[in-house]
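Here is how names work: the chains are called A, B, and so on, in the same order as the sequence lines, proteins then strands, and each is numbered from 1. Keep in mind the model is a prediction, meaning the values are calculated, not measured.
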There are 2 protein chains.
Amino acid sequence: MVDHARTPPRAAGLTDVAIVRAAREIIAEAGVEGLTMRRLSARLGVALGATYHYFPTRDALLQRVLQDVYSEVRLPPAHGADWAEQVKQLTIDTARVVGRYPGLAAYVMAHLDDVVPAAVNRAMVRILSDAGFSLESVAVVMSALYFYGAGLAANLAPMRSVRTFDRVNAAALAEAGLDMLLAGARLRLAADTGGVTDRAD
Amino acid sequence: MVDHARTPPRAAGLTDVAIVRAAREIIAEAGVEGLTMRRLSARLGVALGATYHYFPTRDALLQRVLQDVYSEVRLPPAHGADWAEQVKQLTIDTARVVGRYPGLAAYVMAHLDDVVPAAVNRAMVRILSDAGFSLESVAVVMSALYFYGAGLAANLAPMRSVRTFDRVNAAALAEAGLDMLLAGARLRLAADTGGVTDRAD
DNA sequence: ACCTGAACACCGTTCAAGT
DNA sequence: ACCTGAACACCGTTCAAGT
């Protein structure tokens, strides 16, 4: 019969997890453009073809890297505090996590699907619905947060290290701007729950 | 097919304007990634080196393309209507103009300096200042509009033609979200100009 | 199945050489 | 000055060949 032993890797012991880890290291150091299949393979100590055995294409690898990065976004507890605080935390945390990797947000926007992990989207919908936002308002707030967060993530870690305005100031501005956006959302919520809506019927 | 022009100035009669025009055509058709110095030269009917004679690098060319695209953003008249309407128009127009070129906004965010033309920035500062926003509020509103507009521009013309939600809906959502953000700004303006805020700071 | 190393068709950039 | 065409050092991707 065949050897059914739990065979450890015979050759280099390459794994997809190790590849993703190395890819994240390179991106953090040199940006998405710095991630090269050759450079990655060299860091892993394998031949070029080995990496391609686990990931058929560079885009597929980046997709996995993105998922891996997304998994670090902290989701809020089911019974959280203020909806605005939760949504704010979620948006900033996502932008911060993704923004750690130069060029990743821009790459995702240009090539992949969404700059926001599905779990974050689901959590946001739940938070906003629970808060009393109408279906239409949920869509508007979500899209506003999406655009804002996408722009934020892409500009948080620019490829160029030289930037006209300093980081600290930028982070504070980003938070204040988000607060302002959420103040507008609060107005919409008031119209949804208590106030009179013209659209009603 | 090559048209034998009657005595071109010297050789091919290449100009930087013609190069930029052709580059914009290619980007509109195939995205920023589709812009290749070889493909561009082929379209212009010149050798690869000719293009490099006018633009030392692909990045320099894209910088010029960006300026050229920016010049199409319509600036509001000096004595406009509502500040919110002007700022909204400016933001949407910029995103729309840049968003016509797939991958351009994402490229700019990753490689170049600003996704917003300097003239637009100046106009916005003027509009907001004239409306009565404090210096700090101007900065906050500007940064919020920057992130929002950047995310919008990058997602308006994605490389992938297939998109989960349709365009019309996305455009309407983008406008509604911007209105919401500006409603938050209006609140800030009220606080700046003497209104009472809930936050006793 | 896992991995190697060469090969293919690109790319940005450079540059000696022509006009 | 303007332009050509070859060359260089890269890339992503493929694939016959080894273990």
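In this structure, A:Arg39 atom CZ and D:dC10 atom P are separated by 12 Å, rounded to whole Å. In this structure, B:Leu62 places its CG atom 12 Å from C1' of C:dG12, rounding to the nearest Å. Atoms CE (B:Met37) and C1' (D:dC11) sit 17 Å apart, rounded to a whole Å. In this structure, CZ of A:Phe55 is placed 13 Å from P of C:dC3, rounded to the nearest angstrom. As rounded to whole Å, 18 Å separates atom C1' of C:dT14 from atom CZ of B:Arg58. Going from atom CD1 of B:Ile19 over to atom C1' of D:dC2 covers 11 Å, rounded to whole Å. Computed from coordinates, the A:Leu44 CG to C:dC2 C1' distance equals 14 Å when rounded to whole Å. Between A:His53 atom NE2 and D:dG18 atom P the separation is 18 Å, expressed in whole Å.
Under the side-chain contact (heavy atoms from CB on, under 4.5 Å) rule, B:Leu178 has a single partner from B:Leu152, B:Leu145, B:Val87, which is B:Leu145. Remark: of the listed residues B:Ile27, B:Leu66, B:Ile26, B:Ile27 is the sole one forming a side-chain contact (heavy atoms from CB on, under 4.5 Å) with B:Tyr101.
For A:Arg43 and A:Glu29, the salt-bridge test passes: some basic side-chain N is under 4.0 Å from an acidic carboxylate O. With respect to the salt-bridge test (charged N to carboxylate O, under 4.0 angstrom), the residues A:Glu72 and A:Arg96 do not qualify.
Of all nucleotides listed (D:dC11, D:dC3, C:dG12), D:dC11 comes nearest to the side chain of A:Arg38. The A:Thr36 side chain lies nearest to D:dC11 when the options are D:dC11, C:dC3, C:dT13. Of the candidates D:dC3, C:dT4, D:dT4, D:dT4 carries the atom nearest the B:Val46 side chain, counting heavy atoms from C-beta on. For B:Leu14, whose side chain is taken as the heavy atoms from C-beta onward, the closest listed nucleotide among D:dC3, D:dG12, C:dG12 is D:dC3.
Residues B:Tyr148 and A:Phe147 bring their aromatic ring centres within 6.0 Å.
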Review point. Under a 3.5 Å cutoff on both atom distances, Watson-Crick or G-U, what's the dot-bracket for DNA chain C ([ ] crossing, | other strand)?
Key: ||.|||||...|||||.||

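By the 4.5 Å heavy-atom criterion applied to side chains, B:Leu61 and B:Leu40 are counted as neighbours.
In terms of phosphate contacts, B:Thr57 brings a side-chain nitrogen or oxygen within less than 4.0 Å of OP1 or OP2 of C:dT13. Residue B:Tyr54 places at least one side-chain N or O closer than 4.0 Å to OP1 or OP2 of D:dC3. Between B:Tyr52 and C:dC15 there is no side-chain N or O to OP1 or OP2 distance below 4.0 Å.
No side-chain donor from either of B:Tyr146 and B:Asn121 sits under 3.5 Å from a side-chain acceptor of the other.
Counting non-hydrogen atoms under 4.0 angstrom, B:Leu35 reaches the backbone sugars and phosphates but no base.
Checking B:Ala47 against A:Leu48, the closest nucleotide of DNA chain D that is more toward the 5' end is the one next to B:Ala47.
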